[in-house]
S.K.: 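The structure is given below, and queries will be raised subsequently.
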Amino acid sequence: MPLYHNDDQTMLKDSVAPFVAEQAPVSHLRKLRDTADATGFSRDLWAQFTEMGLPGMLVPEAHGGLGMGHMEAGIVLEEIGRNLTPSPFLSTSVGAVAALAKAGGTQAGRWLPAIASGEAIIALAIDEGAKHRPDRIATTATRAGNGFRLEGKKCFVLHGHVADMSIVAAKTDGGITLFAVPKDAKGVTADPRRLVDSSLASHVTLDGVEVDADAVIGEVDAGGEILDALLAATRTGAAAEMVGVGQGAMDMTVTYLKERKQFGKLIGEFQGLQHRAAHLYGEMEVARATVMKAQQLLDEGSEGAKLMVSVAKAKAGRAANLAVREGVQMHGGIGMTDEYDIGLYMKRDRALAEFMGDVHYHIDQVARMNGY
Amino acid sequence: MPLYHNDDQTMLKDSVAPFVAEQAPVSHLRKLRDTADATGFSRDLWAQFTEMGLPGMLVPEAHGGLGMGHMEAGIVLEEIGRNLTPSPFLSTSVGAVAALAKAGGTQAGRWLPAIASGEAIIALAIDEGAKHRPDRIATTATRAGNGFRLEGKKCFVLHGHVADMSIVAAKTDGGITLFAVPKDAKGVTADPRRLVDSSLASHVTLDGVEVDADAVIGEVDAGGEILDALLAATRTGAAAEMVGVGQGAMDMTVTYLKERKQFGKLIGEFQGLQHRAAHLYGEMEVARATVMKAQQLLDEGSEGAKLMVSVAKAKAGRAANLAVREGVQMHGGIGMTDEYDIGLYMKRDRALAEFMGDVHYHIDQVARMNGY
Amino acid sequence: MSELDAFRTEVREWLEANCPPEMREPIRDEDDVCWGGRNFKFKNDAQKAWLEACVAKGYTVPDWPKPYGGAGLTPEQTKILKQEMKRIKARSPLDSFGIWMLGPALLKFGTEEQKVHYLNPIARGEIRWCQGYSEPGSGSDLVSLQTFGEDKGDHWVVNGSKIWTSYADKADWIFCLVRTDKTNKYQGITFMLFDMESPGVTTKPILLISGNSPFCETFFDDVKVPKDQFVGEINRGWDVAKYLLGHEREMISGGGAGGDMVSIGGAFAKAFGKNEAGELDDPILRAEMAAFDTDVFAYRAMGERFMDMWKTGRAHPASSNMMKYVGTELNKRRHELVMSGGGSDALEWDSEESKGGARARSWLRTKANSIEGGTSEVMLNVIAKRILDLPGA
Amino acid sequence: MSELDAFRTEVREWLEANCPPEMREPIRDEDDVCWGGRNFKFKNDAQKAWLEACVAKGYTVPDWPKPYGGAGLTPEQTKILKQEMKRIKARSPLDSFGIWMLGPALLKFGTEEQKVHYLNPIARGEIRWCQGYSEPGSGSDLVSLQTFGEDKGDHWVVNGSKIWTSYADKADWIFCLVRTDKTNKYQGITFMLFDMESPGVTTKPILLISGNSPFCETFFDDVKVPKDQFVGEINRGWDVAKYLLGHEREMISGGGAGGDMVSIGGAFAKAFGKNEAGELDDPILRAEMAAFDTDVFAYRAMGERFMDMWKTGRAHPASSNMMKYVGTELNKRRHELVMSGGGSDALEWDSEESKGGARARSWLRTKANSIEGGTSEVMLNVIAKRILDLPGA
């Protein structure tokens, strides 16, 4: 498959891009923020997403979804990134769907249709410390009665306080097991924190939470592979969103360079800034291609996907970070004001950079996967 | 002490700078190179150095030297760097003197006066692999008769094939011991290799080399501290030489920017190049200050010297590398020709970068010294 | 005992007697800073007592001459006072733009009368000043200033607006660049002083991405300014402004915006834990922190060298631009690493655990380092032209 | 079996029968390359036999039409041939600037007569071409070309000099930019072809910092060139040159100067050993290599995307400049790391163990990547202007 959008994908982009830009531009984020919205996103907007069929785009057709791939999800995420749209799309429609579809079984049957119909919001309860270390999960699930008893603390759980279900990774006797923990489960408390980008992420405490045996997603002790699928999908999605954030910041900045005058010239005439903008363009193009390659390999089920996913998260992280830093700097004083949007891009980039492993984590993974 | 040259140091600089520039400019290096000189430096030039009192400038006055400090040695090394002058100054007059002066005793009495009088060339046989790892010395010295028997291989020994004596670091029962191994010792073979900067460094084989007990520099098993003194002095000296190399390259490049025309303008008018040149200037100034600080702390015998020496070697390494890379790039095609000097700066920088620990090694040391 | 040693003993005893224990606690937030001024409310009695004690000794501006409210200390004595205050972690008794900026300008360019008149209230914390340089649309390009003071004989009538006026909403007076001659683009600017309570002055705080509002937009609508309220010469305000910019840059590069120049990796090793080899347990972050620390220690050496050379007139006049450039870029990098080291905890914006998002807000704040007081791009231009002597353009 | 599968089988059999074992060994040095030309000396019989076999099949230029010496293969067939040659590690039968540069120019701009006349000897390796673009003092600025061809009716008389003419001392003919109209600075240049044995042509090799001399200075002293020896239109040589520069850049960015885009860290882990955690035993170098590898894998994805888009006309016309910039800067970084990984061994310049200083010489060679074929600065200018549409200057 060539590494550009085919006709169907281009059509998808052509319908999603104006939809997001009109319904959920940056002013939409500002409104949620300035009204101290307690949900973290607009349920009205999510209903509109549902009308477009977006929440279930990765859900297999058998479960009422569109059965599309990561390349298509990336198209939506890039627009979400470009418009800084708050939404549960990445956690629910990408990460959770990847895990449930991989696992199949009871939980897939229960939640995938609900995701596709826009009814269910799912949170990913993976991280347990300030840094993403999914290979060091300490939360435990021990056999109790007919089911399991969960004990532990999770953090950086986006939408954790409003999610209908959280996917919780826990240690079991023989490995990792993923659990579908419903919202009302006894012993679960979610403490939502407002983050720098105005999103809400929870510290989740699992205090003797009892779940049935069929709460297991996939098989007991065999959650490692499902977790890998969840991580690969979510990381690639976050990378796609970051490409959108970086592109949005770069576009704003290039436009500014063509309008702002200093010392009697458009600042875009200064070669010092031209070269930096051109360098940024190159980095963004590299990031874009890398993210598409990761999406393609995931969609093909290729063995090489894991490496390219880490490359994509790292590279998109570097490029988007450069885009927002150069964006703020080239805007000068106005870039420091809350009134202007470029600072919001910097904030969203920071949160996405951290989500599901930062640049350092993924560069380290690249080294490990290459045996050093 | 303020961090600039005092009047005496300025006087020293005012006499050394024109001396080196006249007697040993880049053309001097070219001549040695083009005649495939087998010594690695000019003995005539060394005689002139001796007339100036330079070989013994760090030698204590009691041993016939000038008893100066690292700040003064740095002045000479910067000029050596700027003119790419081949000489045994760094190994002999800085590294070896630091070790011998620290150790005192028989070997100090024997060699320090000979260094000061310009008669003795000393080599430093420390490294044993392609990378500098002085904490992993495998060469052994075992008691044999009245003395020791040395067994091992050394490499990157500058002037090793012509040195009157080599300082060899070896493992003894209870630690590290340094030995003064004279040129004619049986079982020593030096295999000189021409390096990228046209200098000669030897692979030295120690095949059952027998030395007397008084060949020990300092005390048996107590060579660690002496080796530290040798390393600190040589690293700081190499850093000072690199500041000279970087400064020489930067000066050539800035001059070129003011002369070369492209697209109807002096290329120095292009802001893209101006900003890069200005950035380079900043990095070179940081490197210069850092090297002076390391010299000052060494001269004061401060505890903080070790950290600052690693900072200096790393920072001078980064700055000089930037200077030669920007130098070649900004010169364009002409910078790639052997006829033009900028490429020679790049070559010397490369050799100095590697000598006594490269940037990576020293950055790692900075982390370790700060406990992480 | 040398005279300086005697002075040190005297200072030590005075501090012991006069600096209240509360004033030896670290500054926690903006509220702990004593800015002085007509409307300043002391946070507590200790803050007031400490200011008054210092005012009485001239220690709010120890190196200013006594007739202007200082203590007339020599540079060596000033250094000792600072060392002793640092030793007991004494807070600064008074912070103000009057002390940092206007004071040095008046000391250099003011008349004797002006010095007595303006400096004493600054030293006593009675008048709080703000600075009016930038204008909307001018940014780094001060030549394009539009605020105009029309000459009306014994006064000017000033119209226009300023931006980035720090705490203008809390200041009593402003020192301000005003165009007084439209025919001369490069000159024709006067360094004026006037009361912020003058009719026609309004201010509007600017909300920043950090969530704070330390700056204002300030509007002048037919503001009357008496013709004796200027520094330097009429139409030569540039000379004063340039001197002050250099002074500001020196302050910033001398440590201010350079932040705490201490090892960052050591602190994070605790948070991350270490592997068996004793290394911070995130190898790539460790490498970046170590490279950063190396640059920090190096920058500190340059800072020392710069100050040594600057004080003795050995530094290139434009070298403060270079210090400013290197220091501010470094500080931005520091805060990127702090955020990275802090992970998702550092993203929190208003939780108690995060001290109200202190890390995130500081990180965002540092992005202005390379914009305020001359952008990094302007610094590089100046280095290229004035130090490297590169040609025009 | 599909047609392409059948073709693959046929190619595989042909290669088995015709590619001598010696021609399946890796290229060790310059001597192993078959450049062809009047004065070319084959290194051995295998090299000669391999060339002749390929010439007979049209496989030196497989995608050129048969009348011009090619095999007339479709893009898919060409790809299969390359894959099969790569599979058995077959050497290229013939390398030449005629194949890479002049051929594509003639295929696009040449007359039918020119194509038959010039392309066949190229395909057969009979005529070796060199390229004359740059001049001393012009560098990246081709507008300032000085070499002049005076119109003498049926011929031009060319005077001037060229620099960076690759292997001009070994080439038979040159394709060359010559000014033919002094009144039009931007046009007025003709893309001429002439024999290097023409009276008045002299060459002088340029010694490079790598110690090699692949380039020459070339001097023209009243060289007579018949008026039919040009490509495109008279005074419109720019069009041809620009097309070729794009083509060259595409080649470079498609892999050429991008070098081997494989993991660098894995190879060095062997040399350095690993610590208990299985990490390359130099933590800072490991971090730099891992960051580099990440960039390499990313660049490879961009290369694939670029080629996919380029082939189907979806790529921005200037995107080859971006590829060239990113790829060459990356390759320079690779060789800095190779040198660093190699330590003092990699410094050796002429020892046998170092294969005559192969690493050091390659490292120095890469420094030209961001100069030749348009400097990185020119690439950035083009991206800024043509892709980002930034204003003038």
Side-chain angles (χ1 to χ4, degrees), chain A residues 127 129-133 155-157 191-199 201 203 260-265 267 270-273 276 314 321 324-325 328-340 342-344 346-347 350-351 353-355 358-368, chain C residues 134 136-141 143-144 163-164 185 206-213 215 271-272 281-289 329 332 336 339-351 353-354 357 359-361 363-365 367-368 370-372 375-378 380-381 384 393:
Chain A
D127 287 356
K131 299 299 287 186
H132 180 66
R133 294 286 181 272
C155 65
F156 203 8
V157 183
D191 170 16
R193 313 289 177 97
R194 183 75 63 188
L195 302 188
V196 63
D197 66 338
S198 303
S199 67
H203 284 228
R260 167 78 168 170
K261 280 199 168 186
Q262 284 264 284
F263 307 105
K265 276 185 179 179
I267 60 175
F270 290 105
Q271 198 192 45
L273 297 188
R276 278 160 53 189
N321 180 254
V324 298
R325 284 189 291 115
V328 168
Q329 178 67 23
M330 290 190 190
H331 275 85
I334 199 176
M336 291 300 298
T337 64
D338 182 74
E339 194 186 342
Y340 215 77
I342 191 76
L344 297 175
M346 179 170 269
K347 292 172 175 181
R350 182 63 234 166
E354 211 55 44
F355 189 56
D358 68 358
V359 172
H360 306 122
Y361 176 85
H362 286 291
I363 286 179
D364 191 54
Q365 293 298 310
V366 169
R368 286 178 204 286
Chain C
S134 295
S138 78
S140 292
D141 174 19
V143 170
S144 64
I163 197 166
W164 309 123
K185 207 167 111 179
I206 301 169
L207 183 63
L208 295 187
I209 56 177
S210 62
N212 301 326
S213 300
F215 301 109
F272 276 80
D281 203 8
D282 181 333
I284 310 293
L285 180 61
R286 173 183 183 270
E288 292 210 0
M289 285 190 172
E329 294 296 330
K332 290 195 298 179
E336 288 284 339
M339 287 303 285
S340 189
S344 56
D345 285 349
L347 298 176
E348 296 190 5
W349 190 243
D350 48 19
S351 68
E353 293 93 325
S354 69
R359 272 183 290 192
R361 291 169 196 263
W363 162 66
L364 289 164
R365 173 64 185 86
K367 298 305 175 189
S370 51
I371 296 169
E372 62 203 341
T375 64
S376 281
E377 290 77 11
V378 168
L380 290 170
N381 284 342

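Naming convention: chains lettered A, B, ... in sequence-line order (proteins, then strands); numbering from 1 in each chain. Quantities reported herein were computed from a predicted structural model and do not represent experimental measurements.
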S.K.: Select one option (side chain, backbone, both, neither) describing which atoms of A:Arg194 are under 4.5 Å from chain C's heavy atoms.
M.R.: both
S.K.: Within the 4.5 Å heavy-atom criterion, are A:Phe263 and C:Val378 side-chain neighbours or not?
M.R.: yes
S.K.: Pick one of side chain, backbone, both or neither for C:Arg286, based on which atoms fall under 4.5 Å of a heavy atom in chain A.
M.R.: neither
S.K.: Going by heavy atoms in the side chains, are C:Glu353 and A:Arg193 under 4.5 Å from each other?
M.R.: yes
S.K.: Is it the backbone or the side chain of C:Ser213 that comes under 4.5 Å from a heavy atom of chain A, or both, or neither?
M.R.: neither
S.K.: Output yes when C:Glu372 and C:Lys367 qualify as a salt bridge under the 4.0 Å nitrogen-oxygen rule, no when they do not.
M.R.: no
S.K.: Sort C:Ala360 into side chain, backbone, both or neither according to what part of it lies under 4.5 angstrom from a heavy atom of chain A.
M.R.: side chain
S.K.: Do we get A:Lys265 above A:Phe270's six-membered ring, with its NZ or CZ under 6.0 Å from the centre and within 45° of the axis?
M.R.: yes
S.K.: Counting only heavy atoms closer than 4.5 Å, note whether C:Asp281 contacts chain A via side chain, backbone, both or neither.
M.R.: both
S.K.: Are A:Arg350 and A:Glu354 ion-paired here, with the side-chain N under 4.0 Å from a carboxylate O?
M.R.: yes
S.K.: Would you mind checking which part of A:Ile334 comes under 4.5 Å of any heavy atom in chain C, side chain (CB onward), backbone (N, CA, C, O), both or neither?
M.R.: backbone
S.K.: Identify which part of C:Ile163 has an atom lying under 4.5 Å from any heavy atom of chain A, answering side chain, backbone, both or neither.
M.R.: neither
S.K.: Please identify, among A:Lys131, A:Met346, A:Gln329, the residue contributing the most non-hydrogen atom pairs under 4.5 Å to chain C.
M.R.: A:Gln329
S.K.: Between C:Phe215 and chain A, with a heavy-atom cut-off of 4.5 Å, which part of the residue counts as in contact: side chain, backbone, both or neither?
M.R.: neither
S.K.: Decide whether a cation-pi geometry holds between C:Arg361 and C:Trp349; the criteria are a distance under 6.0 Å from NZ or CZ to the six-membered ring centre and an angle within 45° of the ring axis.
M.R.: yes
S.K.: Determine whether a donor-acceptor pair (N or O, by modelled atom type, separation under 3.5 Å) exists between the side chain of C:Ser344 and the backbone of A:Ala130.
M.R.: yes
S.K.: Are the side chains of A:Met330 and A:Ile267 in touch, meaning some heavy atoms are under 4.5 Å apart?
M.R.: no
S.K.: Look at A:Ser198, A:Gly333, A:Gly343 and state which one has the largest set of heavy-atom pairs under 4.5 Å with chain C.
M.R.: A:Gly333
S.K.: Among C:Glu336, C:Arg365, C:Glu348, which has the most heavy-atom pairs under 4.5 Å with chain A?
M.R.: C:Glu348
S.K.: Heavy atoms only: give me the nearest C:Ser340-A:His360 pair and the separation to one decimal.
M.R.: OG-CE1, 3.0 Å
S.K.: Against chain C, label A:Asp358 side chain, backbone, both or neither, depending on which of its atoms sit under 4.5 Å from a heavy atom there.
M.R.: side chain
S.K.: Relative to chain A, which segment of C:Ser351 carries a heavy atom at a distance below 4.5 Å: side chain, backbone, both, or neither?
M.R.: side chain
S.K.: Which residue out of A:His132, A:Lys261, A:Arg276 racks up the most heavy-atom pairs below 4.5 Å with chain C?
M.R.: A:Arg276
S.K.: Please classify the contact between C:Ile206 and chain A as side chain, backbone, both or neither, with a heavy-atom cut-off of under 4.5 Å.
M.R.: side chain
S.K.: Highest number of heavy-atom pairs under 4.5 Å with chain C: which of A:Ser199, A:Gly332, A:Gly264?
M.R.: A:Gly332
S.K.: Side chain from CB out, backbone as N, CA, C, O: work out which of these in A:Asn321 comes under 4.5 Å of a heavy atom of chain C, or both, or neither.
M.R.: side chain
S.K.: Is any side-chain heavy atom of C:Leu364 less than 4.5 Å from a side-chain heavy atom of A:Lys347?
M.R.: yes
S.K.: What part of A:His203 gets closer than 4.5 Å to chain C, counting heavy atoms only: side chain, backbone, both or neither?
M.R.: side chain
S.K.: Taking all heavy atoms of A:Ala351 and all of A:Asp197, pick out the closest pair and write down the distance.
M.R.: CB-OD2, 3.5 Å
